[in-house]
Amino acid sequence: MVGDGRRPAGKPLRAAQEEAGVPPGVWKGRGLAAVGLAAGDVVTERQAELLLGEGRHPDADRIERALLAEGTTPAQARRATVLGRPIEHNQSPETEDAKERTAWLGMDLVFRAPPTVHIAWALMDDETRLVLELCQDIARDKTLAWIEDAVAEIRWKSGGKKSARVCDGLIVAVFRHYESRAAETRPLLHDHAVVSIRARRPDGTWGNQTADALMKHIVAADALYTLLFMEEVSARLGWAWEPREVTPGRRPVMEIAGIDQRLIGWQSTRRQQIEDALPVLTAKYEERQGHPPGERAAYAIACQAADQTRSPKRTELRSLSELRAAWRESAARAYGADLVARLAERARAAAAAIWARVRPVVDVALAAAETIAVVYVMRGAFAHRHLLAEARRHLSYALRGRPHQPGLDEQIVQTAIDAYTRPVGRGLMMTADLHALYPHDTEDQAVLRPLTRNRSATPYQRARLAAGALTARVHAARRADRLNSRTRPRTVAVPADPGARPRPFRSDRKAGRVPEQRTDVATVEQTRQTLEAAAAKLQDGIRDRAAARNRRPQPTRPTAPPPQPGPEHTPSRTTGGVA
C-alpha cells in the first residue's frame, strides 16, 4: 500500500503514501455495491485490514457497534460481519487436515505494460505520461470486467465441489507502483490488483470464489490486457507497434515502434541480473544431472535466478517528479540528450511508416488456421482458453494497435473449433483434427506431425512452421474457390480511427506480397453495366460494317456477364462488418 518503501510505526497511511510518491489505492469491481462501496473510492487502512486480512465486511466496525447496541452478543455481532466462512474455521479441530490448510483471502494480479511503454512514460513530457496512465486504467478495468463476466466462479453446493458464476462481480483493490526493485531503480509503471476471494453466490450468500478458473485463464487475460492497451495507445497518441524478439526462437513481444532498443537495455536491469546468474545455475544443473536442462528445468532455473538476484526493497522515499528527473538524467548521460528529446518524434515517424503498409483487416479463416496450428504444435491437447489467448495474440500482431471489433477473438476461436478440432476424452479438451485439415489429401494429413517432433527447433519455431504450412493450404483452397466463382465471408474489416485519413495500401511487390482485391456490390454492378454497354456497342459496329460491305454478319458469341455477387459484401474501412 506504500509502494516499495517502508512505513514507520505510528505514521498514518496517507502520509506514508505521499512521502513514498505513490497514489492511494482505489476500489474497483461490480461487487462493491454489495458492501456499500463505489468504484473509485479510496482504500483505507481499516477497510483493507477487515476485507483482505480477516474476510469481513469493510464497514464491520459500524455494523458491529449497531448490533451490540441492539443487545446482540459480541460473538454474534462479529459473526454477522463475516463474509462467508470465518478464517478461524481452518484452524478448528473439525476441519479436515487442519494443520495443512492456510487461510488466504486475496489474489494479486499485476498489470504491467511492455518495456518501451515504461521508457516513454518516464522520459517524455507530462502530457504523454498522463495519457499512458489513462490507457493503463482503461485496459486494466476492461480486463477485470472480462474476468468478472467470463471467468470468475464461486464454490457452490455439494460441499463446494460445484461452481457457479459470481452473483454481483468482484471486489478489487488497485495499487499503482512506479518503479522496479532493481539495485538502481528503473521506471516500471504497473498496477497491483488485489482481488478479494469473497464473493456472492447466485442465492445471495457469501462464499469463496475458486482460484482454479482465474489461474487457468490468466494467460488469456494477459493477452486481452496487452491487446486493449495497444489499441488505447494507438488511438490516443497515434503510435504503432512492432514485434520484438527477446529470446531467439521464443515468442516475440509487442513494443512501441521507433523507441531506440538501447533504452530497453537501460530500463531492463533486472533482466540483465537474471541473465548473468543463469550460466552459473545452468552449469551446476549439468554437473549434477549429467545433461543440459530441458524446457521445464530451464524455466525452474530461471525462477531460481530471479529469486537469488532479487534486491531488498529500498528505504529511501522519493516522489514521482524526483524519480522522473533522475531517470531523464540517467538516460541522457548514457545515450545522449538528443536521443531522449526525440523519442516522441521518432515514434510518430515509425508509426506513419507502419500505417502505410498495414491493412486494418483481419482474415478470420487465416487467423483460425494459424491459431489452431500454433496451439496444436505447442500443446497437443488444448482447451478453449488456449485458443482464445492465441487468437488475441494474433490480433495484436496483425493490427499493430488498430481497434478490433468486439467479439472478433471469440469468432476466430469458434471458427477454429468448428473447422479444425475434435474432442479428446470426456472433458473439455480438444486437439487438431488432421482429417478436417486435409480432407482430400491423405498423403499430407500428417504434415504437422514431423513439426511437432522436430526437437532441434524451439516449440514456437515449430509452431510458426506449422502455421505457415496450414495457411498455405488455406490459400490454395481459396484459389480453387475463385476459379469456381464461389464466394465466402472471410474477412472482417477493422474500424479505423474516425479522425484519421484513410491511407492507401502499398503492396510489397519485391517481397511477393500482393493484396487480395476486394470489391463491393456497387462496384460489381457498375462493372457489369459497363461491360454490357461495351458489348452492345461492339455488336452494333459489327452489323454496320457488314451492311456496308453487303455481307451477312457472322453470329457473334454473346458476352457472358460476370458472376453476380452473393449476399455478403465488403464494407468500407470505417463501418466494419463481414466481407
Side-chain angles (χ1 to χ4, degrees), residues 243 251 358-380 382 384 386-400 404-405 407-422 430-452 460-494 505 507-508 511-519 563 565-566 568-571 577-579:
R251 190 187 302 275
V358 174
R359 299 177 65 193
V361 174
V362 176
D363 194 314
V364 175
L366 288 179
E370 183 170 336
T371 297
I372 198 71
V374 172
V375 177
Y376 169 68
V377 173
M378 297 193 71
R379 301 194 62 89
F382 46 84
H384 179 277
H386 302 122
L387 295 174
L388 185 60
E390 189 60 35
R392 289 168 175 172
R393 294 192 189 102
H394 176 84
L395 293 176
S396 300
Y397 299 152
L399 299 179
R400 306 294 182 91
H404 73 285
Q405 290 181 347
L408 182 57
D409 50 356
E410 291 286 356
Q411 183 180 353
I412 294 174
V413 172
Q414 194 60 45
T415 303
I417 292 176
D418 294 342
Y420 303 121
T421 63
R422 59 180 177 85
M430 65 192 89
T431 188
D433 187 359
L434 298 182
H435 293 278
L437 296 177
Y438 304 98
H440 305 298
D441 200 350
T442 57
E443 295 181 356
D444 292 339
Q445 285 183 1
V447 67
L448 299 182
R449 196 177 305 278
L451 298 175
T452 62
Y460 186 71
Q461 289 175 331
R462 301 196 301 267
R464 296 310 307 169
L465 292 175
L470 188 53
T471 53
R473 185 57 59 94
V474 173
H475 279 297
R478 286 186 172 181
R479 287 193 294 269
D481 289 347
R482 285 196 293 269
L483 293 177
N484 294 332
S485 300
R486 291 181 297 175
T487 59
R488 292 183 187 177
R490 298 187 184 95
T491 58
V492 173
V494 180
F505 174 74
S507 61
D508 189 0
R513 296 172 50 194
V514 180
E516 183 178 353
Q517 300 296 328
R518 301 165 56 207
T519 56
E568 283 78 16
H569 66 278
T570 301
V578 179

(message) Go through it in stages, so that I can follow the logic: the residues are V362 and H404, the test is side-chain contact (heavy atoms from CB on, under 4.5 Å), and I'd like the CA-CA distance, side-chain angles, deciding distance and then a yes or no.
(response) CA-CA 9 Å; V362 176; H404 73 285; 5.9 Å; no
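- In this structure, the side-chain contact (heavy atoms from CB on, under 4.5 Å) partners of R379, at least two apart in sequence or on a different chain, are V375, F382, H386.
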(request) Run the numbers on I412 and L387 for side-chain contact (heavy atoms from CB on, under 4.5 Å), then give the verdict. (result) CA-CA 9 Å; I412 294 174; L387 295 174; over 6 Å; no
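- Between R393 and R251, some side-chain heavy-atom pair lies under the 4.5 Å cut-off.
- Among all heavy-atom pairs drawn from L399 and V361, the shortest one is CD2-N, 4.5 Å.
- The minimum heavy-atom distance between A391 and V413, with the atom names listed, is CB-CG2, 4.0 Å.
- Listed here is the closest heavy atom pair of A416 and T421: O-CG2, 3.6 Å.
- One distance of note links CD of E390 with CE of M378; it measures 7.5 Å at 0.5 Å rounding.
- A pairwise comparison of heavy atoms in L366 and D363 identifies N-OD1, 3.2 Å as the closest pair.
- The OH atom of Y420 sits 15.0 Å away from atom OG1 of T431, with the distance rounded to the nearest 0.5 Å.
- Separation of atoms NE2 (H394) and CG (D409) is listed at 11.5 Å; rounding is to 0.5 Å.
- Among residues two or more places apart in sequence or in another chain, the salt bridge (charged side-chain N to carboxylate O under 4.0 Å, His left out) test is passed with R400 by none.
- Judged as a side chain to side chain donor-acceptor pair (under 3.5 Å), and not counting sequence neighbours, the contacts of H384 are E410.
- I372 pairs in a side-chain contact (heavy atoms from CB on, under 4.5 Å) with only one of the listed residues (D433, L470, T415), which is L470.
- V474 and A369 get closest at one heavy-atom pair: CG2-CB, 3.9 Å.
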